[in-house]
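Quantities reported herein were computed from a predicted structural model and do not represent experimental measurements. Just so it is clear: chains get the letters A, B, ... in the order the sequence lines come, proteins before strands, and each one is counted from 1.
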There are 2 protein chains.
Amino acid sequence: MKLDKIDYQIIDMLQQDGRMTIRDMAQQLKLSTTPIFNRIKKLEADGVIEKYIAKINPKKVDKGLFAFVHLSIKEHSKEAVDIIVAQVISFPEVMECHYVTGGADFVLKVLVKNMEEYNQFVTEKLFTVKNISKIDSLLSLSIPKHSNKIPLEY
Amino acid sequence: MKLDKIDYQIIDMLQQDGRMTIRDMAQQLKLSTTPIFNRIKKLEADGVIEKYIAKINPKKVDKGLFAFVHLSIKEHSKEAVDIIVAQVISFPEVMECHYVTGGADFVLKVLVKNMEEYNQFVTEKLFTVKNISKIDSLLSLSIPKHSNKIPLEY
DNA sequence: TGTGAAATGAGGCTCAC
DNA sequence: GTGAGCCTCATTTCACA
């Protein structure tokens, strides 16, 4: 499946506003609604567009603290890793879990209410996971940029 | 502005599917459409719901490599920091920029096509930013969890 | 003030060309 | 790829508790 310039333009418009109408897109791209409609359906069917979501302001729902957590593990066998991963991703506070190369084995992006909740999360949840040798935390003090938009050049 | 249980349920449904119809929500919550409609408008007006977006699969648009980049800086005056931040967040590859406490000064979440592009990004863009003393990279090999959903308990 | 029912109009979606 | 038309659903209005 190859995407052309119009596909990328559609994707970018929908990244910006997931509820933009087909008519508006058609007008901007100087096409009629049908080809836009068909392209969107194809992008959805091909999994390029995964889903449509509402972006919520974390502070407004009392989630004020992002943390990046580095985990190092003792045992690197597939079985051991799978068990750790299954436990870690089951925690709702963990929004992202990346298996990484570099200074650690995993990077977690965690969202909690505040420092107390973060401490609680680490001591009551992360510490219960076996085979973790090291936990380093980077706590977000402010967020100069927080985008969900995938950078596209076309 | 206080949110009650119904508000949280609406938020969660819209985090899951940003295009869920008011009728469906009304049915699930056993209410009529009007109160749901009014609540959503209020959540939007209050900034709880920031926007609606399409979630794009990065691999399908040829963006296969996430990286977490740690920056340490030499000069911590507000002016120096502001200049660095302005440059860093201007790079489209930088999806997130957090000012953090812990093992570094900034954490960046970067998305590029592949290793070559990442090297290019670091050498041609990050290295040109003045006052950076150290750059550490954690490259994402796989992503066991990648959610945009804010964890809500209610 | 918050809820339910009914009317209106915009926009997703289909079809013929 | 275009344009017309159906039909669902968002949106508004109104009566009610």
Side-chain angles (χ1 to χ4, degrees), chain A residues 1-63 147-150 152-154, chain B residues 1-62 147-154:
Chain A
M1 152 217 36
K2 354 179 219 309
L3 307 176
D4 64 11
K5 182 165 178 163
I6 293 178
D7 290 317
Y8 278 116
Q9 286 176 300
I10 291 171
I11 292 170
D12 247 359
M13 287 189 271
L14 286 173
Q15 283 202 107
Q16 188 66 38
D17 176 5
R19 288 186 166 185
M20 178 178 269
T21 67
I22 292 176
R23 284 175 159 83
D24 282 350
M25 290 189 253
Q27 198 169 13
Q28 283 200 33
L29 297 175
K30 309 218 184 294
L31 288 168
S32 65
T33 57
T34 312
I36 308 294
F37 175 80
N38 290 331
R39 281 167 183 270
I40 291 174
K41 288 302 150 195
K42 180 153 176 46
L43 290 170
E44 290 170 356
D46 290 343
V48 179
I49 297 173
E50 283 182 14
K51 61 194 303 199
Y52 299 91
I53 59 175
K55 189 177 174 189
I56 304 301
N57 184 332
K59 287 189 181 165
K60 302 271 182 163
V61 290
D62 213 17
K63 296 288 174 180
S147 168
N148 298 91
K149 276 182 72 172
I150 290 177
L152 299 175
E153 55 279 343
Y154 48 91
Chain B
M1 153 215 35
K2 355 179 218 309
L3 306 176
D4 65 12
K5 183 166 178 163
I6 293 178
D7 291 318
Y8 278 116
Q9 287 177 298
I10 291 172
I11 292 169
D12 247 359
M13 287 190 271
L14 287 173
Q15 284 201 108
Q16 188 67 38
D17 176 5
R19 288 185 164 185
M20 177 178 268
T21 67
I22 291 177
R23 288 188 181 184
D24 282 349
M25 290 189 251
Q27 196 169 15
Q28 283 200 31
L29 297 175
K30 311 224 182 288
L31 289 169
S32 67
T33 58
T34 312
I36 309 294
F37 175 79
N38 288 332
R39 281 167 183 270
I40 291 173
K41 288 303 147 195
K42 180 154 176 44
L43 291 170
E44 289 170 357
D46 290 343
V48 179
I49 297 173
E50 284 181 13
K51 61 194 304 198
Y52 299 91
I53 60 176
K55 188 177 174 187
I56 304 301
N57 184 331
K59 288 189 180 165
K60 302 271 181 162
V61 290
D62 212 17
S147 168
N148 299 90
K149 275 183 73 173
I150 290 177
L152 299 175
E153 57 278 345
Y154 48 89

Chi angles and distances behind the side-chain contact (heavy atoms from CB on, under 4.5 Å) call for A:L3, A:L43: CA-CA 9 Å; A:L3 307 176; A:L43 290 170; 3.7 Å; yes
Worked verdict on A:Y154 versus A:D12 for side-chain hydrogen bond (donor to acceptor under 3.5 Å, both in side chains): CA-CA 10 Å; A:Y154 48 91; A:D12 247 359; 3.1 Å; yes
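For the pair B:D24 CG and D:dT8 C1', the interatomic distance rounds to 12 Å; values are reported in whole Å. Between B:I36 atom CD1 and D:dC9 atom P there is a gap of 16 Å when expressed in whole angstrom units. As a whole-Å value, the separation of A:F37 CZ from D:dA4 C1' is 16 Å. In this structure, A:D17 atom CG and C:dG11 atom C1' are separated by 14 Å, rounded to whole Å. Following rounding to the nearest Å, A:L43 (CG) and C:dG12 (P) show an atom-to-atom distance of 15 Å. Rounding to whole angstrom units, CG of residue B:N38 and C1' of C:dG4 are separated by 12 Å. Between the CD1 atom of B:I10 and the P atom of C:dG2 there is a distance of 13 Å, rounded to whole Å. A straight line from CD1 of A:I49 to P of C:dG12 spans 13 Å, rounded to a whole angstrom.
If you check D:dG1, C:dG4, D:dT11 against the side chain of B:I22, the one that comes closest is D:dT11. Residue B:K41 places its side chain closer to D:dT11 than to any other of C:dG11, C:dC13, D:dT11. Comparing D:dG1, D:dA10, C:dG12 by their closest approach to the side chain of A:T21 singles out C:dG12.
Nucleic acid contact class of A:S32 (heavy atoms, under 4.0 Å, all strands): base. Contacts of A:T34 with the nucleic acid, taken as non-hydrogen atoms under 4.0 Å apart, include base atoms.
In terms of position along DNA chain C, the nucleotide closest to B:I6 lies nearer the 5' end than the nucleotide closest to the other residue of the pair A:M20 and B:I6. Both A:P35 and A:R19 sit near DNA chain D, but only A:P35 has its closest nucleotide nearer the 5' end.
Around atom CD of A:E50, more than 12 heavy atoms belonging to other residues, nucleotides or ligands sit under 6.0 Å away.
For D:dC9, the OP1/OP2 oxygens have a side-chain nitrogen or oxygen of B:R23 closer than 4.0 Å.
Between the side chains of A:K55 and A:N148, at least one donor-acceptor pair of N or O atoms lies under 3.5 Å.
In terms of heavy atoms, B:Q15 sits closest to A:I53 at O-CG2, 3.3 Å.
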